Amino acid sequence: MFSGPSVLWPGTFAILGLSEATWGSEVSTPEIFKDLNPEQLKAVKTTEGPLLVVAGAGSGKTRVLTYRIAYLVGVCGIPPEQIIAVTFTNKAAREMQERVVDLLGPDSKGTWVSTFHSTCVRILRREINHLGRSRGFVIYDEADSLGTLKESLKLHGLDPKGHDARRLRWRIDQWKNAGELPHQAAESATDLEAEQSAEVYASYQRLLLDANALDFGDLLLLTAMLFRNHPEVLGHYQDRWAYVLIDEYQDTNRVQYELVNALTSKHRNLCVVGDPDQSVYAWRGADIRNILDFERDYADANVVVLDRNYRSTQAILSGAGAVVANNVDRPEKEMKAERGQGEQIHFYRAENERDEAAHVIGNIISMSRENDRVLSDFAIFYRTNAQSRPLEEELLKYDVPYVVVGGTRFYDRAEVKDVLAYLRLLVNPADSMALRRIINKPPRGIGKTTILRAEAIAQRDEISLLEALRLYSDQENRTGKNVRTFFQLLESMSESVHDVGPEEALGLVLDKTGYIRHLERANTPESEMRIENLRELVAGAGDFEFTNLEEGIERPVLELFLDQVALVTDLDNVDGLTERVSLMSAHSAKGLEFPVVHLVGMEEGLFPHAASSRDHEAIEEERRLCYVGMTRAMEHLTLTWAEERRRFGGREIAIPSRFLSEVPDHLHDGPSPEDSFRGPAAAYGGERSLDYEYGQLEPDAGASAGVRVRHAIFGEGVILKSIGSGPKQKLRIRFDRAGVKTVVTKFANLEFF
DNA sequence: GTGACTCACTTTTTT
DNA sequence: AGTGAGTCAC
């Protein structure tokens, strides 16, 4: 926990502008830096040239970053606006900003602390015209972007349904993460499928351009393009930011690497902070090589290793360390605990997910009564967001206040997206995804047929969907009338919406469209909740307006609001001050810490997740994720697993996670994971057996989703679902060659491996 | 064009 | 178990 004084040293600003030389060395270093250990101090004071800080879990990484900024400004006299610090979440950015202000006072605000994505948005809002595009672009979220991709699939005469679209969307994202434009993707394509995908990528980009929209990947990719093709623009930012700090460097992907490189290639004052053991975003294109190769890429780099852990007890740290030590592809590193041994890690074997929830919540309730514990001391982590439900039910049962971080974003709720889509359309009439979304919400008699026809016209005449639709208003039939009414509605809003803030604009939309009245008519608990959410949205817009009034307004507040909505996540709204138990995925937990942590669902197929058990690298990432989860705990850590779990509506037999058996016995109490192994499933316990040993699959034994099996006729496949139990147990299996089949376990003679 | 119904699929993790 | 897409009758 950060514990710096709120005022650093008297007369901070008296020393502004003084160089370190003026202050001499160690002796005259301001008092506050005595809080740092020698390595941390070195990381803070090595201000010139490239610096890699390998900061293990709990080693005071954020403290180093904030003190470094304080040092640069307060001691070296660097103007705050020449410093940029980039983080991964808005929350981390805000936290860092606050701490810097604590250290240096409000005048340090000129330092730019923000995420890669927000930084890119701000740059693009100023400079995107250099790429021949308009500054008024909108940011498409996942759903909009998937919708757009489906449109482009249609253009290619391909089936836009389900799986393929998602896979392709993912593929395009990977290209963007790698910094590749469509033509580069096409060049590197080695097979027909890749070629075709690259073509779809090209037309997808075309559609985005038509809608004047950027997806998440574009924010980074287009900024990289800007820097590639416009040295004068790059030069401006290189000079502006003479000192660059990057947090969570192990999670950067290739475009981000390129951006960082470009920005720092002139002054070379680059400080990156990261921990290879906490790299958990490879699936999103993060390239662990960025940190592993740092010393090669920057031959003159200084390296500081922070290996003292101030957060966790020895037991927790050793347990987590023992788990991650099983990774082969990992530089040798061991953390030293500064705190005492502490209590053992606790293991709990639950009958099912409800028993698991009851145990965890019971534990929290009884612990909250002792030792001055407050509810915000407690956190529950899981691998997948869907696991929050039984926990929430249990918390509700006992009236324990809690907050679920992540999962469905507030701004992803249908009603919220609808109303925001009206604003988006008003701000950017080219936004066809927004138009599609709201054209008939609430119902106004403009249905599928009309939209389909308008789409065809839009495509043929190369006009926007809105323009195409406008052609219908001349028709003297019912459709024509409905369309006219719709355009009148838009016009009645468009004039005033530009002159008012987001709060009023939302009110206007709700009023004119009759959206709330439509919900009220439904009069169900569901619709009431939606109305409640919309009120929350309006209130949130009011807050946004309020906090953004004093900032220098470069663009209409309404547009800033829409940017923020696109980039903000629930995680950004966690504040440790509220009296609540926190529930979140292990990914969301990164960067946080809690005195008491429960890590639930430690089962094969869940954690490590089934989707990751295919290859070795993915398993290692799961293991790092487990390490991240465990090392969030300061004093108390409980790992739980269930022997049986409801998943996809059916009951499934679960096998304890291999990570459990990687925690040395003497470091934990409670049952051993081996205790509950059923039959030959024991052979499936460790990674060794996963790769090399085989067993015969019998009913109820190890038949959980995600387990790979081999069938004499159908070949290899992966279990999707187990139905029933005992001799009648059946398995739904997706075979690599033969497709999805249902087999009776007893007769199928399956080998698993 | 709307609403009720069926069915398939979902679950990784997030800016 | 719950959602979203697709189908069908009005």
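All of these numbers come straight from a predicted model, not from anything done at the bench. Here is the naming used below: chain letters follow the sequence lines, and residue numbers restart at 1 for every chain.
- Phosphate proximity of dT12(B) to Arg647(A): absent, as no side-chain N or O sits under 4.0 Å from OP1 or OP2.
- Taking atom CG of residue Asn477(A) and atom P of nucleotide dG1(B), one finds them 10 Å apart after rounding to whole Å.
- For the segment residues 248-259 of chain A, no residue has any heavy atom less than 4.0 angstrom from an atom of DNA chain B.
- A cation-pi arrangement is present between Arg284(A) and Tyr281(A) under the rule of less than 6.0 angstrom and at most 45 degrees off the ring axis.
- Rounded to an integer number of Å, the gap from Leu567(A) CG to dT14(B) P is 16 Å.
- For the residue pair Glu392(A) / Tyr402(A), a side-chain donor-acceptor distance below 3.5 Å is found, with atom types taken as modelled.
- Contact annotation: Ser588(A) reaches the phosphate of dT14(B) (side-chain N/O to OP1 or OP2, under 4.0 Å).
- By the 4.5 Å heavy-atom criterion applied to side chains, Val403(A) and Leu583(A) are not counted as neighbours.
- No hydrogens or angles considered: a donor-acceptor pair under 3.5 Å links the side chains of Thr119(A) and Ser114(A).
- Rounded to a whole Å, the CZ atom of Arg453(A) is 7 Å from the P atom of dG1(B).
- Separating the CG atom of Leu452(A) from the P atom of dG1(B) is a distance of 10 Å, rounded to the nearest angstrom.
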Please write out each protein N/O paired with an N/O of nucleotides 3-10 of chain C under 3.5 Å, distance rounded to 0.1 Å.
none

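- Listed nucleotides dT12(B), dT2(B), dT14(B) differ in distance to Arg284(A); the shortest reach to its side chain belongs to dT14(B).
- Between the side chains of Glu644(A) and Asn352(A), no donor-acceptor pair of N or O atoms lies under 3.5 Å.
- Contact between the side-chain N/O atoms of Asn385(A) and the OP1/OP2 oxygens of dT13(B) is found at a separation under 4.0 Å.
- One can place CZ of Arg444(A) at 14 Å from P of dG3(B), the figure rounded to the nearest angstrom.
- Within the structure, a side-chain polar atom (N or O) of Thr449(A) is placed less than 4.0 Å from OP1 or OP2 of dG1(B).
- The side chain of Thr450(A) contributes an N or O atom lying less than 4.0 Å from OP1 or OP2 of dG1(B).
- Nucleic acid contact for Arg389(A): sugar-phosphate only, since backbone atoms but no base atoms lie under 4.0 Å from a heavy atom of the residue.
- Among the atoms of the strands shown, base atoms are found under 4.0 Å from some heavy atom of Glu142(A).
- Using a 4.0 Å heavy-atom criterion, one finds that Tyr281(A) contacts the sugar-phosphate atoms exclusively.
- Under the side-chain hydrogen bond (donor to acceptor under 3.5 Å, both in side chains) criterion, Thr450(A) pairs with no residue, sequence neighbours left out.
- Close to dT15(B), at under 4.0 Å from its OP1 or OP2, lies no side-chain N or O of Asn177(A).
- Between His117(A) and dT15(B) there is no side-chain N or O to OP1 or OP2 distance below 4.0 Å.
- A donor and an acceptor atom, one from each side chain of Asn326(A) and Glu620(A), are nowhere located under 3.5 Å apart.
- For the residue pair Tyr204(A) / Ser145(A), a side-chain donor-acceptor distance below 3.5 Å is found, with atom types taken as modelled.
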